Amino acid sequence: MNPLLITLQALLSHWRRHRLQFFSIFTGLWLATALWTGVQALNSQARADYARAAAVLTGPGQAQLLARDGERFEQALYLQLRRLGWQVSPLLEGRLRIAGAHPLTVRLIGIEPLSLPSTAAVAGIAIPAFDLQAFIDAPGQAWIGPDTLQQLGLNSHEQATSSDGQRLPPFVVQPQLAPGVIVLDIGHAQALLQAPGQVSRLLLAGESRPLPADIAQRLTLQTPGDDGDLQRLTDSFHLNLTALGLLAFVVGLFIAHAAIGLALEQRRGLIRNLRACGISLNTLLLSLTLELGVFAVLGGLAGVASGYGLAAALLPDVAASVRGLYGAQIAGQLSLPAGWWLAGVLVSILGALLAGVSSVLRAAHLPLLALAQAQAWRMAQGPWLRRQAMAAGLLLLVALGCWQWGNSLTSALILLATLLLAAALLLPALLDGALAWLARGCRGALAEWFIADSRQQLPALSLALMALLLALAASVGVGSMTEGFRKTFIGWLDQRLSADLYLTPQDTTQALQINAWLAQQAAVTVLPGWRAEIRLQQWPVQVQGIIDHPAYPARWPLLEQSPQAWAQLASGRGFMLSEQLARRLGLRLGDSLELASDTLTVVGIYADYGNPKGHLLVSAGWLRAHLPQATLSALSLNLAPERIAPLKAELQQRFALDDSRVVEQATLKRWSREIFNRTFAATTALNSLTLGVAGIALFISLLTLSQSRLGQLAPLWALGVRRRQLAWLSLGQTLLLSSLTVLLAVPLGLLLAWCLVAVVNVQAFGWRLPLHVFPAQLLHLAVLGLLTSLLASAWPLWQLARRQPSELLRQFADEA
Amino acid sequence: MLVIEHLHKSYSTTQGKLAVLQGVDLQLARGASLALMGESGSGKSTLLHLVAGLDRADSGRILIDNQPLDGRLESAMARWRREGIGLVFQQYNLISSLDVAANLSFQARLAGRLDRQWLDCLATRLGLDSLLQRYPEQLSGGQQQRVAIGRALAARPALVLADEPTGSLDEACSDEVLALMLQLVGEAGSSLLMVTHSPRLAARLERRCVLHAGRVRAEPR
């Protein structure tokens, strides 16, 4: 028989007798792959949907002409440009409520395929491939993505009805089309959106040239480089998710690494015998690698399937988060390419290599006879601890460097990763030091044994304890950050959202009409909000113009301000800006900014949590004078509580405003809080899963250890220590090691929280949060950590407590 | 001091019940030494484990100073092992996490009978003075067995039970270790019940008997 087969047979026979170990390695790789691929599935789905959305909007590299006031404009301008030889194609966009069993508001996009540039593609379909007749002629076609069609509860070729009773063309499914979008001929869209003769923008083919003066007054050119905002804005969100997924992956690998190491330890004798029988080292290493490969494929397949399930479970929360934060649409269901599944299995193989390579190399480097020495592994721990401490020192230097000189999200995440990894590597040495210190205070024989034996268990438990440390520190860090953010955000929201009613008129004309009508109403204070969208250093910025009113200084909390800041703003000489925009532009109080051919001074900086775009606050007068495209897009009303409901009803009736355009303060706050909570739902879920994985790592390590601990415990029993006492002592040892780990996890978690609020958030979102410490939360997590350890040790200890004397006797007797 | 009467013990195996001890009778006076011999599987270790309170007999009695050992609660059995006996195993069974000094004093401290002078004397007589800070894995087999003997005698137990104490040592080392053990057992005033295969070693004890077919057959000196 082939030596490789013989070796494999001998090695694999181990697993028949050690099924738990088999399960441990499988579980480690399975969980690591599941958590990693789950997060990757969420990110891939989101990115694919952003790409679909971008492709529907303009097509890659598509320049476009937009109205300066950001609103729709007459189709006549399009015709005028065509006559002048411009290669433009009209596009109309709007939101339409579809009625039916599953009502849904969709984004309707009307296009004119005849004039579309031949290089453009709509929903992944090239223009030459269009069936123009079917698309344009009655009844036409309404292109829809499969996910949106499913949400509507309709089938292909069926016709939907809008909430105002109009029938849409029959649906045609386009797999590439972004979720929540319907594309149809512009003629149908104009009818459905009640916008006859109007367009939203003109897609431009070929090179751009200066617009004729009369048209330039109405339209502005947006270059191709200006799009792709969604991708850019959501990058931070997805990078944070990736970081959490990576942490979970590492924790999962700890399990696999611990189990593979122990399996090698238990097979030292077998390996020695195989080599003594003439099996070459190469054959042995090849067999060990093949064995690892089998684990990787099994764990990978299970992990990818579970990762898909995890992603499907978390997708609604992630979709709600990005919709709330960035207005981006993600489909409600996963559709992942085949490559993703393959990548998942490859990740598992990579994980198995990472987790197992050190054990395989250790087997290769140990001399033949040393393999038989049971204590060799433990004896090797001393130098290993020193090497780990040195590696931790190097990582801490990298962390220090990132903190001092890093200025990007990547460097912030490297800071986090190196800090966590350094702490994990230092943990065994710190625990050993703490136990050595405790040993000095021990007087009794059992107390002395208790500490000495705990130190002896450290090498076998250190990986599981590292996993617990990482998971707990991540929980403390993310928990403190989330709670701190919640506290800050709610306080900020309470101040900022102090008007009783918020109105969003359909356009400026209507806003002015409503404003005029409200001026005639008694005891109603109206704060009009003028807005314009501009770009500063390629970054989208909302400019808000406010009137001079005492409500603003009272309700608009400022992080920093110059003396007389509000008066300077009202005078049109000063402006305020959001913290994230100030960081992006490198502006501080007193600095100047060239804006719309005027120079304004920074007089205040304020927090603007959750806004991915930049925000500028100027006086309404200045805004209307310098940015003519500014629109009156919002009105904030203050009035007596008993008048809110009647006024709301009257506004809705008089100006045909639906519920989404007239919102009460409480509703707005509830929406904001819901978005906030859902934003962190996926984070919290991943965090809990990571802690669970650490618990499993500890459980598996303790269970495996308990099987080899009889040899340590039996002499004590023979010397007069009762079995129950031994079980309690073993529990005490686990709890001691866990408690010390928890004690170290709390300051590490707080350091992590500081990194998150002061470094990562600043780089990812542009805002810095105050660091809050919540003692009750820390206590809760510490208890949770200890409970996890208690649960992990319960089964192994129960087994130990019920060990029959005969099992202990086998440790001494070599005859019956 | 030790009286064993009609002791029976059997084990359940896949082939059915295996009767190991079938009515063992034995006596050991205070301060006396007895070598228990027999073929492999004759039940020597089983008898030793029953006397040590590590296992329980099916029937018969073990009397220690006229007090029955059977029927005691586990806590009382543990106290007997802690305070009444000293155990020496073939495989030493030292506590690997503790150094030689802690291993030596371990049982005496558990029993609350730590006598520093006696312990120092034991360490010197056993040649362990220079090894006190070492760990078991850093010692040779002979050195480990010396530590095990010292640990068993540190509390001056009434009875020392030794199961093939020199089984893992070479002949010269065996003789040396056994001589030391006999001397120290005498100095501690303990009785000794030793299981051995070797007639040569057994001959050095005051009495010897053979366990055969589950019963004891005494062999006069």
Side-chain angles (χ1 to χ4, degrees), chain A residues 373-382 432 435-436 439 442-460 708-727 729 733 801 803-816, chain B residues 9 11 13 18 20 38-46 48-49 52-56 73-75 77-87 89-99 102-103 105-112 114 135-138 148 151-152 155 161 163-164 167 195:
Chain A
Q373 291 167 11
Q375 303 295 340
W377 186 48
R378 198 166 65 79
M379 295 283 282
Q381 286 301 307
D432 196 54
L435 289 173
C442 288
R443 290 290 168 261
L446 272 183
E448 207 171 277
W449 169 83
F450 182 87
I451 299 293
D453 193 64
S454 301
R455 288 180 77 180
Q456 199 178 39
Q457 285 185 54
L458 260 184
S708 59
R709 279 198 36 85
L710 277 190
Q712 307 295 319
L713 298 175
L716 271 95
W717 173 68
L719 296 175
V721 183
R722 281 173 289 154
R723 274 181 295 155
R724 190 182 294 174
Q725 202 177 354
L726 282 176
L729 285 168
Q733 287 178 318
R803 290 266 186 213
Q804 294 303 308
S806 56
E807 290 177 73
L808 293 161
L809 277 176
R810 269 188 228 124
Q811 304 299 315
F812 314 118
D814 48 8
E815 61 174 317
Chain B
K9 177 71 183 175
Y11 292 106
T13 67
L18 175 69
V20 181
E39 295 165 359
S40 291
S42 61
K44 304 184 296 293
S45 292
T46 299
L48 209 69
H49 292 158
L54 292 170
D55 206 353
R56 291 180 190 270
L73 295 174
E74 200 202 329
S75 55
M77 287 290 212
R79 193 180 316 120
W80 162 242
R81 291 197 296 273
R82 206 160 53 228
E83 298 170 6
I85 60 170
L87 275 165
F89 297 100
Q90 181 180 345
Q91 292 303 328
Y92 330 125
N93 286 301
L94 297 178
I95 298 168
S96 58
S97 55
L98 298 178
D99 61 18
N103 262 293
S105 63
F106 191 80
Q107 194 172 358
R109 290 162 75 195
L110 269 185
L114 181 64
Y135 283 84
E137 68 232 21
Q138 297 167 310
R151 181 179 69 183
L161 299 170
D163 190 356
E164 299 277 8
V195 165

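Just so it is clear, the values below take in all heavy atoms, side chains as well, and ignore hydrogens, waters and symmetry mates. As the structure is a computational prediction, the values presented were derived from the model and not from experiment. Throughout, a chain's letter reflects where its sequence line sits, starting with A, and its residues are numbered from 1.
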Measure distances from B/Gln107 to the heavy atoms of chain A and classify the residue's part below 4.5 Å as side chain, backbone, both or neither. side chain
Can you confirm whether B/Arg151 sits close enough to B/Leu94 that some side-chain heavy atom of one is under 4.5 Å from a side-chain heavy atom of the other? yes
Chain A contacts, top residue of B/Ala152, B/Gly53, B/Ser75 (heavy-atom pairs, under 4.5 Å): B/Ser75
Cut-off 4.5 Å, heavy atoms of chain A, and the answer for B/Ala52 is neither
Going by side-chain hydrogen bond (donor to acceptor under 3.5 Å, both in side chains), name the residues that satisfy it together with B/Arg109, two or more places apart in sequence or in a different chain. A/Glu448
Can you list everything that forms a side-chain hydrogen bond (donor to acceptor under 3.5 Å, both in side chains) with A/Asp453? Sequence neighbours excluded, please. A/Gln457, A/Arg709, A/Gln733
Proximity breakdown for B/Leu87 and chain A, heavy-atom pairs closer than 4.5 Å: side chain
State, without any angle test, whether B/Ser96 and A/Gln456 hold a side-chain donor-acceptor pair at a distance under 3.5 Å. yes
